*Asks:* 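What follows is a structure written as structure tokens; I'll ask about it next.
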Amino acid sequence: MFEDSDFIKSCDVPGPTKEAIRGLLVYKSNVSIDDIVVDLGCGTGGLTVEFASRCEKIYSIDKNPLAIEITKKNIEKLLKTDSNVEFINSNGVKALKHVDNIDIALIGGSGGELFEILDLINEKLNPNGRILITSILVDTKVEAVNKLKELGYNPKFMEINVSQGKILDRGILMKAENPITIISAKKH
Ligand code: SAH
């Protein structure tokens, strides 16, 4: 696992997803070395970097060309190789048409396409495949749960509140990070 401060950041691209959330996603996805992973909305590359060395192949998708650029830079800085990473600079729906046999779908951004994205992922997800959505907007959380239920999944919903301790002269001050929800589902 990497620390948040290891990543190159840009004010034009969100991320990286914070360390505690990255760790939980790696753990909850149960990723293994023969898995095909999709990182939809790769942003700064926080998840691509953590998953690339743990899976067979990862598709890093983002509609923002700057996100693809910074994800590439972080892979170059933090990993030995990007040979199992395929970058797709386009919106999720278009990008998913080129991807099959998904074992793990990480959704970190959907920008109004969530329903179509989940329909496509459901079609292309292997048996035992996992969907993990990280969401900060209340609306996305509700939409994601309802859509997954409609598609026949039994989604789990976990809200994570992390505070980091900052060591000051007079003691330790706890600083809260934004709460994030992880919505997860498994295909049977
Ligand atoms: N998990 C990332 C941060 C994700 S931020 C990290 O660890 O760095 C969300 C990203 O989703 C943004 O870069 C945004 O451009 C992208 N995004 C939002 N909607 C999208 C869509 N419909 N298709 C592709 N990318 C999208």
Side-chain angles (χ1 to χ4, degrees), residues 1-29 31 35 37-55 58-79 82 85-99 102 104-124 130-144 147-148 158-160 162 164 177-184:
M1 295 294 309
F2 294 95
E3 293 190 12
D4 294 345
S5 57
D6 291 331
F7 289 87
I8 301 163
K9 300 183 186 79
S10 154
C11 51
D12 298 318
V13 182
T17 299
K18 294 282 195 298
E19 182 184 352
I21 310 294
R22 296 198 306 276
L24 261 175
L25 289 170
V26 168
Y27 173 72
K28 284 178 76 67
S29 69
V31 59
D35 280 338
V37 179
V38 166
D39 182 11
L40 205 166
C42 62
T44 299
L47 300 180
T48 290
V49 163
E50 301 289 3
F51 278 78
S53 57
R54 295 176 163 89
C55 71
I58 182 162
Y59 295 89
S60 299
I61 300 165
D62 207 293
K63 61 183 179 184
N64 179 359
L66 296 173
I68 299 290
E69 219 173 277
I70 195 162
T71 295
K72 281 184 181 166
K73 280 192 186 145
N74 275 313
I75 290 176
E76 206 174 293
K77 178 180 176 205
L78 299 171
L79 301 179
D82 70 350
V85 186
E86 188 167 328
F87 301 96
I88 309 180
N89 178 204
S90 98
N91 69 51
V93 169
K94 213 167 143 201
L96 284 168
K97 303 218 160 110
H98 305 285
V99 180
I102 302 169
I104 299 172
L106 307 166
I107 306 176
S110 54
E113 290 192 311
L114 182 66
F115 293 162
E116 283 165 281
I117 285 171
L118 286 176
D119 278 331
L120 277 167
I121 284 174
N122 178 49
E123 258 174 47
K124 289 158 181 271
R130 287 80 81 198
I131 301 174
L132 293 143
I133 304 167
T134 43
S135 165
I136 48 173
L137 295 180
V138 174
D139 312 68
T140 312
K141 302 175 197 196
V142 176
E143 284 169 11
K147 181 68 184 175
L148 286 167
M158 185 191 274
E159 174 101 341
I160 325 284
V162 175
Q164 299 282 354
E177 294 175 359
N178 288 338
I180 304 249
T181 302
I182 300 177
I183 297 143
S184 54

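Whatever order the structure lists ligands and atoms in, that order sets their numbers, starting from 1. As the structure is a computational prediction, the values presented were derived from the model and not from experiment.
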*Asks:* When you compare ligand 1 with N91, is there at least one nitrogen or oxygen pair between them that comes in under 3.5 angstrom?
*Replies:*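 No, N91 has no N/O under 3.5 Å of an N/O on ligand 1.
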*Asks:* Could you please spell out the steps behind the salt bridge (charged side-chain N to carboxylate O under 4.0 Å, His left out) verdict for K9 and D4?
*Replies:* CA-CA 10 Å; K9 300 183 186 79; D4 294 345; over 6 Å; no
*Asks:* For the 3.5 Å polar cut-off, considering only N or O atoms, please tell me whether G92 and ligand 1 meet it.
*Replies:*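 It does: an N or O of G92 is found under 3.5 Å from an N or O of ligand 1.
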*Asks:* Which residue and atom name correspond to the protein heavy atom nearest atom 1 (N) of ligand 1, and how close is it?
*Replies:*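 Atom 1 (N) of ligand 1 sits closest to the protein heavy atom T17 OG1, 2.9 Å.
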*Asks:* Side-chain contact test, heavy atoms from C-beta onward, threshold under 4.5 Å: evaluate it for I180 versus I136 and give yes or no.
*Replies:*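 I180 vs I136: side chains touch.
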*Asks:* Show me which atoms of ligand 1 lie under 4.0 Å from any heavy atom of G15.
*Replies:*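 Counting atoms of ligand 1 from 1, those under 4.0 Å from G15 are 8 (O).
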*Asks:* In terms of atom number and element, which parts of ligand 1 are under 4.0 angstrom from non-hydrogen atoms of T44?
*Replies:*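 Going through ligand 1 atom by atom, the ones under 4.0 Å from T44 are 6 (C), 8 (O).
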*Asks:* Give the single entry among E116, K63, K94, R22 that approaches atom 17 (N) of ligand 1 most closely by any heavy atom.
*Replies:*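 Answer by nearest heavy atom: K63.
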*Asks:* Under a 4.5 Å cut-off applied to non-hydrogen side-chain atoms, are I131 and I133 in contact?
*Replies:*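 Side chain of I131 against side chain of I133, heavy atoms only: contact under 4.5 Å found.
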*Asks:* Say you draw a straight line from CD1 of I183 to NZ of K147; how long is it, rounded to the nearest 0.5 Å?
*Replies:*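 Here the interatomic distance stands at 14.5 Å.
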*Asks:* Quick test of your reading of the structure: of P14, P65, G109, G46, whose heavy atom lies closest to atom 18 (C) of ligand 1?
*Replies:*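 Looking at heavy atoms only, G109 sits closest to atom 18 (C) of ligand 1.
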*Asks:* Cut-off 3.5 Å, side chains only: do T48 and T71 have a donor facing an acceptor?
*Replies:*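 Looking only at side-chain atoms, T71 and T48 do not form any donor-acceptor pair under 3.5 Å.
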*Asks:* On a heavy-atom basis, I'd like to know which of D62, V93, I61 is closest to atom 16 (C) of ligand 1.
*Replies:*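 Going through D62, V93, I61 one by one, D62 has the nearest heavy atom to atom 16 (C) of ligand 1.
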*Asks:* Regarding K141 and S135, do their side chains bring together a donor and an acceptor under 3.5 Å, going by distance alone?
*Replies:*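 Side chains of K141 and S135: no pair found under 3.5 Å.
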*Asks:* If you apply the rule salt bridge (charged side-chain N to carboxylate O under 4.0 Å, His left out), what do you find for R22 with E50, and how did you get there?
*Replies:* CA-CA 7 Å; R22 296 198 306 276; E50 301 289 3; 2.9 Å; yes
*Asks:* At a 4.0 Å threshold, what atoms of ligand 1 neighbour a non-hydrogen atom of C42?
*Replies:*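 Counting from 1, the qualifying ligand atoms are 2 (C), 6 (C), 8 (O).
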*Asks:* Looking only at N/O atoms, are V13 and ligand 1 under 3.5 Å apart anywhere?
*Replies:*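 Such a contact does not occur with ligand 1.
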*Asks:* Please check: side-chain N/O of S110 versus main-chain N/O of G112, any donor-acceptor pairing under 3.5 Å?
*Replies:*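 No, the answer is negative, given that no donor and acceptor are paired below the 3.5 Å cut-off.
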*Asks:* Show me which atoms of ligand 1 lie under 4.0 Å from any heavy atom of L47.
*Replies:*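 Selected atoms, number and element: 1 (N), 7 (O).
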*Asks:* Are any non-hydrogen side-chain atoms of I68 and C42 less than 4.5 angstrom apart?
*Replies:*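 Yes, side chains in contact.
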*Asks:* Which residue holds the protein heavy atom closest to atom 9 (C) of ligand 1, what is that atom called, and what is the gap in Å?
*Replies:*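 The protein heavy atom lying closest is G108 O, 3.4 Å.
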*Asks:* Would you check whether S90 reaches within less than 4.0 Å of ligand 1, judged by its heavy atoms?
*Replies:*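 It does; at least one heavy atom falls under 4.0 Å.
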*Asks:* Applying side-chain contact (heavy atoms from CB on, under 4.5 Å) between V38 and each of I104, I88, L96, I58, report the one that passes.
*Replies:*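 Exactly one candidate clears the test, L96.
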*Asks:* Would you name the heavy atoms of G43 and I70 that are closest together and state the gap between them?
*Replies:*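 Looking at all heavy atoms of both residues, the closest pair is O-CG2, 3.6 Å.
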*Asks:* Which atoms of ligand 1 have any heavy atom of E113 under 4.0 Å away?
*Replies:*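 Contacts of ligand 1 toward E113, numbered from 1: 21 (C), 22 (N), 23 (N).
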*Asks:* Would one find an N or O of P16, backbone or side chain, under 3.5 Å from an N or O of ligand 1?
*Replies:*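 So ligand 1 has no N or O lying under 3.5 Å from an N or O of P16.
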*Asks:* If we only count N/O pairs under 3.5 Å, is N64 in contact with ligand 1?
*Replies:*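 Checking ligand 1 against N64, no N or O pair falls under 3.5 Å apart.
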*Asks:* Give the residue and atom name of whichever protein heavy atom lies nearest to atom 4 (C) of ligand 1, and the separation in Å to one decimal.
*Replies:*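 Closest protein heavy atom to atom 4 (C) of ligand 1: G41 O, 3.2 Å.
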